[in-house]
Every structure is written in structure tokens, then in C-alpha cells.
Amino acid sequence: MPRQLTPSELESFPSLDWHEIAPRLTPALRASIEKVLESQNGSDLSLDQSCALAAAEGDDLLGLLVAANLLRAELAGNIVTYVVNRNINFTNICFVGCKFCAFSRGPRESDAYFHSLADMAQKAVEAWQFGATEVCIQGGLPRGLPQFYYRDLLRAVKSAVPGMHIHAFSPMEIVYGVELTGMPLADYLFMLRDNGLGTLPGTAAEILDDEIRHILSANKLSTAQWVEVIRTAHRCGIRTTSTLMYGHAETPAHWVRQMRLLREIQSETGGFTEFVPLGFVHQNTLLFQQRLARTGPTLIEHLKVHALARLLLAGSINNIQVSWVKLNRRLSQLCLQAGANDYGGTLMEENISREAGATAGQYTSPEDFQALILEIGRIPAERNTTYSRIRIKLPLNEQDWTTEQALEAEFA
Ligand code: SF4
């Protein structure tokens, strides 16, 4: 039986050294980890070896976390990135009825809303004036949406702020748009791209297993549909993020299979920019009230998912993001020390997690991010959506450094 870790012992993993912890690991698990540390490639692990990592406890778990942090330093350096963005949910009216969602409303509910195109454009203008480089636009799926609504929304935002990167529409919204217009998927995506769509959030993935998906939402797009939208988007030159929601009705084997599926897609298309584990926020959801889910992730699960992602996705998706909205400040820092290298967006407003009971707030300023990152001894840097532009930000002396300067200092 692996020994139980006390919470303080678990949280002290960042101070451990791999060579110190390695001799205490189960030999097979240590060999798996060492294989990935050496090759920096998660594809070297079999399904069974990956599942064994996902089941790690006690010293094995500490070893996994320490190794993930080491691998992160090698693959992503000591920079922690973030993007200055605004999250805009254009409506909370939705007919899909996902049981994990506390955000959606029926059209007649008193707090249902639907922002006009002019309001959406205005919000994007405000974001631009505030220094945002990206707007992240998603919403509920209301019945009877105008046929070309998603295209028109892009046009409204893009004509108001031509320089803004639009990161918008989940694969579920894309499937709905295709349904509304009757267009072939690729043609629909090309049309959106030509009207200003920059990248697509890889949300609506939750767990890519139809049995679990059926528990979460009987009306949601299937695993095959999600994969088809993502593969087609990548083929159309639209990059996407990738996500996984954990802490509800799934098991660690689902995490492993999903990460392996994402690797497989990435090896074909190269279109994923990052992987974002999303902890289930249970408080105000039907899924929890109907006892179909556990009470969200434990501390161990939060840390383990991020560490596992770093190992299994190594050499495939090297940007692992913490979703700070769903974690508190300390936990987000711990996850950054368990394999992650990106803080996501400042967001400005984030309605979905807040409605479900998350308490991390609606906005983290760039200065807050910088302070949180410096606190754990890493280097803050603002990035654009696709990580193609990274700018070091050191607030203490208010000086912007170039990446080259920071790397020089770091590796001198
Ligand atoms: S998660 Fe999205 S699709 Fe599902 S009910 Fe909520 S708003 Fe609708």
C-alpha cells in the first residue's frame, strides 16, 4: 500500500529534487518517468504505463509532480505566459441543457440576456483600449439564432477593431452554425475565417467519451463530432486550443485516453496551441444535485492532471495552461509548479465559472499575474493567442525585456 501524503507534504513537492525522490518510486513507474524525461516525448509510454502514472499515489505521486516540473523547465523554460484578453459571453440563453452548466438560462428567465452586435463591438473596443490583444467569444445556443449570426458577430467586432484577435465559438457552436446554414463544415469554417475568426477554443470537449458525455449532457455534440470540427478547423488553417474537464463522473483512465487522442490529432495536424485542464465547479449544477458527479476535483486530482498532461503531451502540445478562474491563487501557482507554463487570459469578465460557484473572480490584471509568477520564481511574459509573440514583463523596474535578453540572463 502506498503511504498517504499529508496535505503539507503534498504541497511541498516544489522543493523536492528529482534525484532525491526517484529512489523512493516504484521501479516500473520510475522507469516510465525516466523514459519521458530522457526522450522528452510522451508517445514513448504505452496505454498501461500512462494509466499507471495516472494512478500514482504517495511517493509515486510526488515523483510524478517533480518530474513534470523538471520537464516543464526543459520544454517551456522558466517563462510563464499570459494573454491580455476579454471574455465576452454574448448570451446566456441556451437550449442544450448540459448538467454541469450553471450559466445557461431559458429565454424567459429574468436574468436571461442577449447582447446586440453593437454592444459586442463596443465591448471589443473597450478591451482594445484596455490593452487586450484578444477577445474570447462564446455563448449559449439560443433557438432560432439568425442563420449567419456567428459570421455577423465576427464582422461587427472586426470592423470595430480590425487589429483584435478573435478567439471564438466552441465546436458545439460550430456544429450549430453548420446546422443553421446547411453549409458543409469546411466551407462554414472558411467563411468564418474569412470574416475574422482567428482561432477556435477547444471547449465543449469535457470528457471525449460518449458514455460520460451522455451523463454530462444528452444533447451535446458527440466525441466524433468534436474531433471532426477540430480536425477540419486545423485543416482550414484555424488553430485551436484543447481542453479536458475533470473532477465529475470520469476516471483517470479517461484523462489518459483523451490526452492520447489529442496527441494523435496533433501529430496529424499540428493545430493545437495549448492544453487546458478545466476543473469541474460543482456547487450550482444539476450534475452534482442529482448525485451524478463527485464534488469537483481534489487537490491531488488538480495537481495530477496538470503533471500527467506535461508528461503525456510532451513533444506534442508543450503549452499547458492553468485555468485560474477555477482555481484559487495558491492552487494555480502549485499547478504551475506541477507542469504548467501558462496562466491563460486576464479575462476581464468570466461568467461561466462564476455562476457555477467558482470564487477566483472575473479579472486578474497583468500586474497580478506578474506578481503571482514572480512569487514562484518564474519569469512573467505576455503572449499573443498563438504564442508566436512573447514579451517578458518585469514590473518591478517597469522595464520590458525581450525574450532573448531574459533567456540570456537565465542561461548565463
Ligand atoms: S455548457 Fe454551453 S452548451 Fe452546455 S448548457 Fe451551458 S451554455 Fe449551453
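Order of appearance sets the numbers: ligands from 1, and atoms from 1 within every ligand.
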(message) Is the contact between C98 and ligand 1 made by the side chain, the backbone, both, or neither, using heavy atoms and a 4.0 Å cut-off?
(response) both
(request) Could you tell me whether ligand 1 has any atom less than 4.0 Å away from a heavy atom of G97? (result) yes
(message) Tell me whether the rings of F95 and Y176 are parallel (<30°), tilted (30 to 60°) or perpendicular (>60°).
(response) perpendicular
(message) A cation-pi test, strictly: NZ or CZ of R193 under 6.0 Å from the centre of the six-membered ring of F190 and no more than 45 degrees from its axis. Yes or no?
(response) no
(message) I'd like to check which ligand 1 atoms, numbered from 1 as shown, lie under 4.0 Å from a non-hydrogen atom of C94.
(response) 3 (S), 5 (S), 7 (S), 8 (Fe)
(message) If the threshold is 4.0 Å, N to carboxylate O, is there a salt bridge linking E375 and R329?
(response) no
(message) For H165, run the side-chain hydrogen bond (donor to acceptor under 3.5 Å, both in side chains) check against T133, T199, N384 and tell me which one passes.
(response) T199
